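Step one of this worksheet: look at the structure below.
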Number of protein chains: 2
Amino acid sequence: MKELLMYFNRFQALPKEAEIAITEICSTLSIKKNENLQSIGHTCRTIYFVKKGIARIYYYKDGIDITESFSTENTIIARVESLFTGTPSRKAIQIVEDAVIVAINAHKLFQLYDTFPSIERLFRKIFERAYVETVNRIESIQFHSAEERYLALLQDTPNIVQRVPLKCIASYLGITQVSLSRIRANIK
Amino acid sequence: MKELLMYFNRFQALPKEAEIAITEICSTLSIKKNENLQSIGHTCRTIYFVKKGIARIYYYKDGIDITESFSTENTIIARVESLFTGTPSRKAIQIVEDAVIVAINAHKLFQLYDTFPSIERLFRKIFERAYVETVNRIESIQFHSAEERYLALLQDTPNIVQRVPLKCIASYLGITQVSLSRIRANIK
DNA sequence: GCAATCCTTTTACATTTGTTAAATAATCAC
DNA sequence: GTGATTATTTAACAAATGTAAAAGGATTGC
C-alpha cells in the first residue's frame, strides 16, 4: 500500500486519519495475464491502482477489439465514463501482463469525501490531471500522422511498446495492425 | 447570473452563502464576434460560462488554425490544460458569434474551495463530466469515419453546424475543409 | 453600391490508410 | 518437444483523405 500512498502524496498531502481511512477501503489483488479485472456491461464501482504489471481498458467496435488506454506501474485506471455517470460500461479492464493491483471501493471512497475534504481534493486533482492528459491525447490523435503517434508513444512510454502486443498498440493508436507493421518496417 | 446559478444547481446544490461568494468573483462581459477572449501564450486563470453566443478554443498547428472545441449557451469553457497545470496555454479562446460571457476568477475560485467544500464539490463534478465527454470524444474521433462524425455533430448540436463557419467545423472534426465539402456534397 | 476580403465548393492528382489473404514467426498447452 | 494457436509481417488492391489551385458565393467596410 506504500506505493499508493506515495502516489497520492504527489497530488495532495493527507492527514494520517485520512490515509488510514483510504487504506481500509482498498484491497490488493494478484491477477494473471489475459484475465479480466472488470467485464463489459457492469457499472464501474472500483478505481484501480497498478502496483505491478500492465492493464488496459478495451471494448468492441463492430466486433473488433479496441484498446482505449494502458496503465502501467504507479498509475490509476478506471472506466470513468461509467464511474462518473453510474451507467453500465461497454468497456472492460484486462490484465496484459501479470499484475498486482490495488482496488479502491469507489462507493466507500465517495462516502469518505464527506468526512475528509482532503480525500475529495486528492481525487479531484487526480482526475483533473487525467482530464488534461485526455485533452492532450485528442490533439495527438487528430493532428499527428499514425507514424508520428507511434514514434511519440515509443518516446514517451517505450516500455508499453515493448511489453504489450502490437495489435493492442495499433488499436490504441487508432490504426490497423497492418498499418502499424508498415510504419515499423518504414522506420528501420 | 441567474443562468449560471441554475447551471451550477444541476450539478450540486449550494448554500446561499456559497452562491453569493461565487457571484462576487464573477463578472459579465459582452464580446463581439472574432474578438479573442483569451490569447495564446497566457496562462489560463479564468473559467468562462457562455450566457449567449458561441465561443471556441483554437490553436495553430503548422500555421493552420485548428478548433479544439465549441461552447454555446449554458456551457462552461476553459483551457484546462493550462488552468490545471499552471503553464502558459498554446491555445486561445475566440468569440465566434456575438456573446455574453460570465468570467469566473479561477484563482479566487480555488480559494473559495477552502471555505466552501460544496463549491469544490461543484467544480469537481463539472470537470468530471467534462472529462467523460472528452473520453467519449476520443472514441468518436478514432473509430468513426469523417462522414459519421459530421453526421453525429449535425444530430447532436445542429445549431453549432448552422452558426459556425465550416472551416472551424472541419478542423474540429479533424479533417480539411475540402474533405468536409466533399462529405456535405455526398449527403445531399 | 462596389471593391475587397473571406468562405465554400470543385477539380485533379498524390498520399495515407484500410481490406483481404497469405506467409512467417513466436508462443502456448500438453 | 510438438502441434496448435496466436502474433506479426508482407503483398496487392481499394477507399478515404490530403494538397494545391481555381472558381463561385457571401459578407464586410467604406
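We name chains A, B, ... by the order of the sequence lines, and we start the count at 1 in each one. Source: prediction; values computed, not measured.
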Would you kindly give the [atom1]-to-[atom2] distance between [X] and [N], to the nearest whole Å?
{"X": "A:Leu166", "N": "D:dA7", "atom1": "CG", "atom2": "P", "answer": "11 Å"}
{"X": "B:Asn186", "N": "D:dA15", "atom1": "CG", "atom2": "C1'", "answer": "12 Å"}
{"X": "B:Gln177", "N": "C:dT11", "atom1": "CD", "atom2": "P", "answer": "16 Å"}
{"X": "B:Ile175", "N": "D:dA16", "atom1": "CD1", "atom2": "C1'", "answer": "11 Å"}
{"X": "A:Ile183", "N": "C:dG18", "atom1": "CD1", "atom2": "C1'", "answer": "12 Å"}
{"X": "B:Leu180", "N": "C:dC7", "atom1": "CG", "atom2": "C1'", "answer": "12 Å"}
{"X": "A:Arg184", "N": "C:dT17", "atom1": "CZ", "atom2": "P", "answer": "16 Å"}
{"X": "B:Lys167", "N": "D:dG25", "atom1": "NZ", "atom2": "C1'", "answer": "15 Å"}

Answer yes or no: is there a donor N or O on one side and an acceptor on the other, between the side chain of B:Ser171 and the main chain of B:Gly174, under 3.5 Å?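 Not at all, since once roles are kept as given, no pair shorter than 3.5 Å links the two residues.
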Within residues 135-161 of chain B, which residues have any heavy atom lying less than 4.0 Å from an atom of DNA chain C? none
Consider ring pair (Phe, Tyr, Trp, His ring centres under 6.0 Å). Of B:Phe49, B:Phe8, B:Phe110, which one does B:Phe123 pass it with? B:Phe8
Around atom CZ of B:Arg137, are there more than 12 heavy atoms of other residues, nucleotides or ligands at under 6.0 Å? yes
Does NZ in B:Lys61 sit with more than 12 non-hydrogen atoms of other residues, nucleotides or ligands closer than 6.0 Å? yes
Euclidean distance, B:Ser82 OG relative to B:Gln38 CD, rounded to 0.5 Å: 8.0 Å
Distance in Å, B:Glu68 CD paired with B:Ile93 CD1, rounded so as to fall on 0.5 Å steps: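 Between atom CD of B:Glu68 and atom CD1 of B:Ile93 there are 9.5 Å.
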Can a cation-pi geometry be assigned to A:Lys125 and A:Phe11, taking NZ or CZ under 6.0 Å from the six-membered ring centre and within 45° of the ring axis? no
So, do B:Phe127 and A:Phe84 have ring centers that fall under 6.0 Å from each other? no
Tabulated below should be each protein N or O lying under 3.5 Å from an N or O of nucleotides 19-30 of chain C; please produce it.
residue: C:dC28; atom: OP1; partner: A:Lys33; partner atom: NZ; Å: 3.4

Taking every non-hydrogen atom, the tightest pair across B:Ile77 and B:Ala55: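 Smallest interatomic distance, heavy atoms only, reads CD1-CB, 4.0 Å.
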